[in-house]
Number of protein chains: 2
Amino acid sequence: MRPDTDPQIRHLHLFRDMAQAHFADLMTASYVQAFPPGLEMIRQGDPADFLHIVLEGSVELVGQWAGRECTMAVVRPVSTFILAACIRDAPYLMTARTLERTRIVLVPASDLRAMFRRDAEFAVAVINELAACYRSVVRNAKSMKLRNSRERVASYLLRQSMLAGGVPTYTLAVEKRLLASYLGMTPENLSRTLKSLEADGVKIDGARVIITDRTRLTALVQPDKLIDGPDPVADSTGSGLPLTYG
Amino acid sequence: MRPDTDPQIRHLHLFRDMAQAHFADLMTASYVQAFPPGLEMIRQGDPADFLHIVLEGSVELVGQWAGRECTMAVVRPVSTFILAACIRDAPYLMTARTLERTRIVLVPASDLRAMFRRDAEFAVAVINELAACYRSVVRNAKSMKLRNSRERVASYLLRQSMLAGGVPTYTLAVEKRLLASYLGMTPENLSRTLKSLEADGVKIDGARVIITDRTRLTALVQPDKLIDGPDPVADSTGSGLPLTYG
DNA sequence: CTGGTCATTTGATATTCGTCAAGCCCCAGG
DNA sequence: CCTGGGGCTTGACGAATATCAAATGACCAG
């Protein structure tokens with residue numbers, strides 16, 4: 001693998017604490033690949049041969065069933081995805097599709113599995129990563145089951161503002177079509193909901209989000225650390241929708 | 001801790017492979033406690049001080065928000081729960097409430113965190129457990145987002161039949177009220193849905209489920225290994241609703 | 001046996017949400 | 001410049017689901 005990409009990856013919590021020699025071993029076995037936009041890199045059900053690390057671009061993770069599909073996450077640099085499938089040596093549960101031109105590091109799953117037996121620090125890092133991912137999906141499930149679509153949209157908008165540092169205005173990181181699917185609704189419904197939220201303190205102008213009355217919006221959302229995070233010691237990666245979904 | 005409970009716990013994948021001396025250390029630091037029915041053992045948001053292991057009885061894990069709540073899982077013997085919170089040393093994401101008289105082993109989270117640094121086999125077991133739990137929640141999220149309530153009910157009924165060995169008739173392991181919440185619907189709706197499913201090959205008589213036309217039901221459900229499982233090398237514990245939710 | 005509590009069922013109704021169809025807007029490609 | 005496609009929006013409609021209310025049934029305690 002090209003050594004210039006190493007430092008970015010080395011910074012990830014997953015790889016930060018392992019022995020340099022071990023990290024080098026993993027990187028030697030890995031390689032970088034570039035994908036054009038809209039390409040299915042992984043189809044759900046495929047055997048999990050590689051841990052994927054997004055270097056540039058963005059990747060959509062989608063679940064599919066009976067001809068339907070839903071966006072489960074959007075992964076942005078620099079973060080990993082489908083760690084769990086690699087570890088279990090089990091089929092991918094989600095399809096991965098590039099949203100734009102994307103560079104990916106592919107780490108052979110077998111090397112990965114061998115490595116956390118060799119390097120105790122790495123094992124601990126994997127444990128922490130999986131636990132964090134797990135908790136994030138549980139949060140997500142809670143949000144889906146406890147909130148209606150309006151509340152989900154509002155909480156999403158407020159949360160993104162917080163992640164951006166509490167700014168009153170920002171730009172949506174993903175297409176509304178994807179956001180709708182991620183939030184478990186149709187694009188039409190999202191569009192209507194966004195408009196209706198103008199009465200509750202957020203105005204949407206294209207991809208621009210303007211929080212006009214934070215107090216009012218917060219009252220509607222009732223943000224909850226156990227759903228919206230952040231987790232203490234959160235592993236803040238740069239994911240566009242929610243977070244890493246290792 | 002009373003030594004007679006050790007063997008059951010030792011059988012769990014989580015503890016099976018660790019050194020006996022280390023296992024004994026963990027058990028020494030742990031203790032057993034019995035809870036009456038309907039008691040909140042854990043409130044969501046509490047610090048995660050103990051890994052819980054159900055020895056007898058059953059425990060409901062519920063998510064709560066804005067005065068609403070939903071059942072996320074029901075845990076049955078012998079299995080663990082809230083592993084991830086213990087590992088992250090983070091607040092519990094779910095409230096745990098006994099459904100009946102329940103005996104629980106409490107393993108101090110700090111000992112647990114220390115242990116996977118001492119015992120590499122245990123670390124590997126934790127990794128596998130977390131990865132499995134993670135995948136199971138992702139499955140769940142897919143089911144919630146890709147299927148409507150009728151399909152979720154039908155797939156649940158068929159899956160339970162499969163888990164029982166493909167039997168044509170069995171008894172629901174949980175109250176319908178809980179099942180409804182777990183499936184993301186109201187009890188009224190579940191009741192109506194169950195009745196309507198008689199036209200598709202399942203008859204419900206009280207808590208009794210009779211599959212009258214498996215072919216028809218299967219056609220409706222379109223079971224999918226990537227949602228309904230089983231995962232290859234699945235860690236089949238004895239959970240009543242879905243699975244362990246460590 | 002009897003009263004009370006709670007789960008379940010049923011019906012009527014309201015709300016949410018998805019579907020269908022059309023039009024708009026933006027942008028890439030000719 | 002024009003043209004076409006795709007994302008977004010809007011309106012009308014219908015289906016799915018929740019809510020409210022009441023009746024029934026199961027089970028437990030007295």
So which nucleotide from [options] ends up closest to the side chain of [X]?
{"X": "A/Thr186", "options": "C/dG18, D/dT17, D/dT19", "result": "C/dG18"}
{"X": "B/Asn189", "options": "C/dC17, D/dC8, D/dA18", "result": "D/dA18"}
{"X": "B/Ser149", "options": "D/dT17, C/dG11, D/dT10", "result": "D/dT17"}
{"X": "B/Arg192", "options": "D/dG7, C/dG11, D/dT10", "result": "C/dG11"}
{"X": "B/Lys195", "options": "D/dT9, D/dA18, C/dT10", "result": "C/dT10"}

Just the rounded figure in Å: distance from [atom2] of [N] to [atom1] of [X].
{"X": "A/Leu190", "N": "C/dT16", "atom1": "CG", "atom2": "C1'", "answer": "15 Å"}
{"X": "B/Leu99", "N": "C/dC6", "atom1": "CG", "atom2": "C1'", "answer": "15 Å"}
{"X": "B/Met185", "N": "C/dT15", "atom1": "CE", "atom2": "P", "answer": "21 Å"}
{"X": "B/Asp205", "N": "C/dT9", "atom1": "CG", "atom2": "P", "answer": "10 Å"}
{"X": "A/Leu194", "N": "D/dT10", "atom1": "CG", "atom2": "C1'", "answer": "14 Å"}
{"X": "B/Arg68", "N": "D/dT17", "atom1": "CZ", "atom2": "P", "answer": "18 Å"}
{"X": "B/Leu178", "N": "C/dT8", "atom1": "CG", "atom2": "C1'", "answer": "13 Å"}
{"X": "A/Met144", "N": "C/dT16", "atom1": "CE", "atom2": "C1'", "answer": "14 Å"}

Give one of base, sugar-phosphate or nothing for B/Glu188, where a contact means two heavy atoms less than 4.0 Å apart.
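The answer is base, as B/Glu188 lies within the cut-off (heavy atoms under 4.0 Å) of a base atom.
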Indicate, yes or no, whether a donor-acceptor pair under 3.5 Å links the base of D/dT17 to the side chain of B/Arg152.
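Such a pair does not exist between side chain and base.
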Is it the case that the base of D/dT9 and the side chain of A/Arg177 share a donor-acceptor contact (distance under 3.5 Å, atom types as modelled)?
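No pair found.
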Distance-only side-chain donor-acceptor flag, A/Arg214 / A/Ser161, under 3.5 Å
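Per modelled atom types, A/Arg214 and A/Ser161 side chains form a pair under 3.5 Å.
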Run the numbers on B/Arg150 and B/Ser196 for side chain to side chain donor-acceptor pair (under 3.5 Å), then give the verdict.
CA-CA 9 Å; B/Arg150 193 159 197 275; B/Ser196 88; 3.1 Å; yes
Side-chain ion pair, A/Arg135 and A/Asp231, N-O less than 4.0 Å:
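So A/Arg135 pairs with A/Asp231 through a salt bridge.
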Main-chain N/O of A/Leu99 paired with A/Ser58 side-chain donor or acceptor, under 3.5 Å:
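No.
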Where does the angle between the aromatic ring planes of B/Tyr92 and B/His52 fall among parallel (under 30°), tilted (30 to 60°) and perpendicular (over 60°)?
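Because their plane-to-plane angle is over 60°, the rings of B/Tyr92 and B/His52 count as perpendicular.
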